[in-house]
Amino acid sequence: MAQIFTASADTRLRAAALLGVVALVMALVVLGGYADSSYATLVGWVEHQPVPFSHQHHVGELGIDCRYCHAAAETGAHAGLPSTFTCMTCHSQVWTGAPMLAPVRASLASGKPLEWQRVARLPDYVYFDHSIHLSRGVPCVTCHGRVDRMPLMSRAQPFQMQWCLDCHRNPAPHLRPPAEITRMDWSNWDEEPGIHAVYGELMTKVYGIEPAKLTQCNICHR
Ligand code: HEC
Ligand code: HEC
Ligand code: HEC
Ligand code: HEC
Ligand code: HEC
């Protein structure tokens with residue numbers, strides 16, 4: 001009777017099994033890398049916007065405060081995006097006929113808001129609130145980066161759970177006087193090494209911040 005499995009078939013089977021294992025390991029390595037890569041975290045990615053609005057120009061060069069356009073940041077869960085009317089407080093006087101601003105004028109005329117593509121966004125199952133962070137003096141720049149240097153908005157931080165937790169475990173070094181939250185540079189404090197820590201430790205006590213409580217699941221998953 002002929003052998004069903006020849007010696008060489010056995011070798012081929014072993015080789016195939018080995019290849020399978022190697023492929024699995026490689027897939028895991030690639031997937032693991034994917035979770036941390038900018039493809040997954042979207043750090044640095046730019047969205048195509050209806051108008052190429054420049055924070056670098058409006059914030060960095062013209063010096064407009066964040067709250068002029070993101071008025072709800074200090075008082076509510078969401079910072080909000082500006083209405084067409086907010087743009088028109090200036091653009092009814094400056095750059096009135098510019099082709100680049102045609103969608104803004106069309107939006108004002110039709111009453112249909114501009115459809116900005118979101119850059120900073122969490123999944124729906126995560127609870128986040130701007131006002132609590134800003135009232136404790138966590139500045140915009142810590143979470144959104146040097147917006148004043150962005151000709152087009154991009155995401156500065158991964159916005160993954162680990163990133164939130166890293167700060168919640170020890171928020172002290174990130175705290176500033178609440179009046180300074182929208183300032184992008186912080187050079188006058190950086191010249192005094194140690195001042196961040198001293199201020200942060202003090203304010204952690206004043207606000208009664210408890211890192212042990214801040215890392216509990218139901219703080220962010222309600
Ligand atoms: C406080 C005033 C002010 C507000 C509010 C404002 N802009 Fe501007 N914007 C300016 C000035 C000043 C310029 C520069 C005009 C020039 O270079 O002659 C400008 C330039 C621009 C430009 C030209 C490209 C550039 O950045 O140089 C675009 C596009 C623009 N603005 C879009 C907007 C949009 C969209 C809004 C609303 C979300 C808005 N602006 C709100 C003052 C403002
Ligand atoms: C003149 C108005 C204006 C000012 C001032 C302004 N922004 Fe914006 N911001 C916008 C507009 C319009 C968008 C939506 C288009 C875009 O993403 O570029 C936006 C988008 C953003 C986004 C992305 C939100 C998302 O999920 O898509 C962040 C973060 C942001 N701004 C932070 C800031 C910070 C921080 C400051 C102050 C340092 C600031 N902005 C000042 C008009 C403004
Ligand atoms: C502790 C981190 C943190 C700080 C500080 C912070 N943001 Fe945000 N911001 C976020 C996160 C996270 C989101 C996404 C929220 C979501 O999708 O629910 C966001 C979203 C936004 C958006 C998109 C619209 C919205 O309301 O969701 C804007 C605009 C914005 N932030 C502006 C600001 C400005 C301006 C400041 C400072 C005055 C600021 N943020 C401070 C983390 C922060
Ligand atoms: C740079 C520091 C920092 C980062 C980053 C940060 N937080 Fe916070 N968070 C704080 C501080 C400080 C408080 C205020 C704690 C207090 O007063 O007890 C706070 C409070 C909160 C609260 C309110 C807790 C309560 O008692 O109601 C929620 C919810 C929250 N953070 C969610 C998030 C989420 C989600 C992220 C990530 C997307 C995040 N935070 C990122 C510093 C941070
Ligand atoms: C400070 C805020 C914060 C706390 C506290 C927190 N999470 Fe999360 N969690 C997040 C954010 C933000 C995401 C979204 C991550 C993303 O989009 O990549 C997330 C995502 C998740 C997910 C989805 C899968 C994943 O990892 O992306 C699970 C499951 C989860 N959290 C479980 C927990 C559990 C269990 C705890 C308590 C031990 C906890 N979380 C505490 C902020 C938090």
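Remember, it's 1-based here, ligands and their atoms both numbered in the order they're listed.
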When distances are taken from atom 35 (C) of ligand 5, the protein heavy atom at minimum range is C217 SG, 3.6 Å

Ignoring hydrogens and geometry, is there a side-chain-to-backbone donor-acceptor pair from H78 to A72 under 3.5 Å? no

If you scan protein heavy atoms around atom 19 (C) of ligand 4, the nearest is H133 NE2, 3.5 Å

Tell me whether S107 contacts the main-chain N or O of K112 through its side chain, where contact means a donor paired with an acceptor under 3.5 Å. yes

Nearest non-hydrogen protein atom to atom 37 (C) of ligand 1, with distance, is C87 SG, 1.9 Å

Could you identify the single nearest non-hydrogen protein atom to atom 4 (C) of ligand 5 and state the distance to 0.1 Å? C220 SG, 3.4 Å

Does at least one non-hydrogen atom of P82 fall below 4.0 angstrom from an atom of ligand 1? yes

In the protein, what heavy atom is nearest to atom 17 (O) of ligand 1, and what distance, to one decimal place, separates them? W95 NE1, 3.5 Å

Could you tell me whether Q160 and ligand 5 have an N or O pair separated by under 3.5 Å? no

Ligand 1 to Y68, heavy atom cutoff 4.0 Å, flagged ligand atoms 5 (C)

Close-contact set for ligand 1 against T86 heavy atoms, below 4.0 Å: 5 (C)

Heavy-atom nearest neighbour in the protein, as seen from atom 7 (N) of ligand 1, with distance rounded to 0.1 Å: H91 NE2, 2.7 Å

Sub-4.0 Å heavy-atom approach of L214 to ligand 4: yes

Ligand 4 atoms in contact with Y127 (distance to a heavy atom under 4.0 Å): 29 (C), 32 (C), 35 (C)

Counting heavy atoms only, name the option from L62, L101, T84 that's nearest to atom 12 (C) of ligand 1. L62

Out of all atoms in ligand 4, which are within 4.0 Å of some heavy atom of P171? Include the element for each. 12 (C)

Sub-4.0 Å protein heavy atom next to atom 10 (C) of ligand 5: yes

With a 4.0 Å cut-off on heavy atoms, does F159 reach ligand 4? no

Mind telling me whether H130 and F128 have parallel, tilted or perpendicular rings, with 30° and 60° as the class edges? perpendicular

Are V43 and V119 grouped together when hydrophobic residues (ILVMFWY) are joined by side-chain heavy atoms under 4.5 angstrom apart? no

Using the rule given for side-chain hydrogen bond (donor to acceptor under 3.5 Å, both in side chains), can you reason through S83 versus T86, listing the C-alpha separation, both sets of side-chain angles and the distance that settles it, and then say yes or no? CA-CA 5 Å; S83 68; T86 306; 3.2 Å; yes

Note: H168, heavy atoms under 4.0 Å from ligand 4, region reported as side chain

Nearest non-hydrogen protein atom, atom 16 (C) of ligand 4: I209 CG1, 3.7 Å

Atom indices of ligand 4, in the order listed, that fall short of 4.0 Å to a heavy atom of V126: 35 (C)

Per-atom contacts, ligand 1 versus M100 - under 4.0 Å to a heavy atom: 23 (C), 24 (C), 29 (C)

Tell me if a side-chain donor or acceptor on R105 pairs with a main-chain N or O of H91 at a distance below 3.5 Å. no

Relative to the heavy atoms of V51, which atoms of ligand 1 are at a distance of less than 4.0 Å? 29 (C)

For R136, the atoms of ligand 4 under 4.0 Å from one of its heavy atoms are 14 (C), 16 (C), 17 (O)

Which class fits the ring pair H70 and H55: parallel under 30°, tilted 30 to 60°, perpendicular over 60°? parallel

Atom 29 (C) of ligand 5 touched by protein (heavy atom, under 4.0 Å): no

Per-atom contacts, ligand 1 versus S54 - under 4.0 Å to a heavy atom: 26 (O)

At what distance is the nearest protein heavy atom to atom 40 (N) of ligand 5, and which residue and atom is it? H221 NE2, 2.8 Å

Tell me, which protein residue and heavy-atom name are nearest atom 25 (C) of ligand 5, and how many Å apart are they? Y125 OH, 4.7 Å

For atom 13 (C) of ligand 1, which of H55, H57, M88 has the closest heavy atom? H57

For atom 15 (C) of ligand 5, what's the nearest protein heavy-atom neighbour? Residue, atom name and distance, please. M161 N, 3.8 Å

Check ligand 4 against T142 and write out every atom of the ligand that is under 4.0 Å from a heavy-atom position of the residue. 1 (C)

What part of D129 sits under 4.0 Å from ligand 4 if we count only heavy atoms: the side chain, the backbone, both or neither? neither

G200 backbone acceptor or donor facing T204 side chain under 3.5 Å: yes

Which protein non-hydrogen atom lies closest to atom 5 (C) of ligand 5, naming both residue and atom, and how far is it? Q216 O, 3.4 Å

Just heavy atoms, cut-off under 4.0 Å: does Y207 contact ligand 4 by side chain, backbone, both, or neither? neither

Is any N, O or S atom of C164 under 2.8 Å away from atom 8 (Fe) of ligand 5? no

Closest non-hydrogen protein atom to atom 2 (C) of ligand 1, residue and atom name please, with distance? C90 SG, 1.9 Å

Kindly say whether Q93 contributes a backbone atom to a donor-acceptor pair with the side chain of T96 at under 3.5 angstrom? no

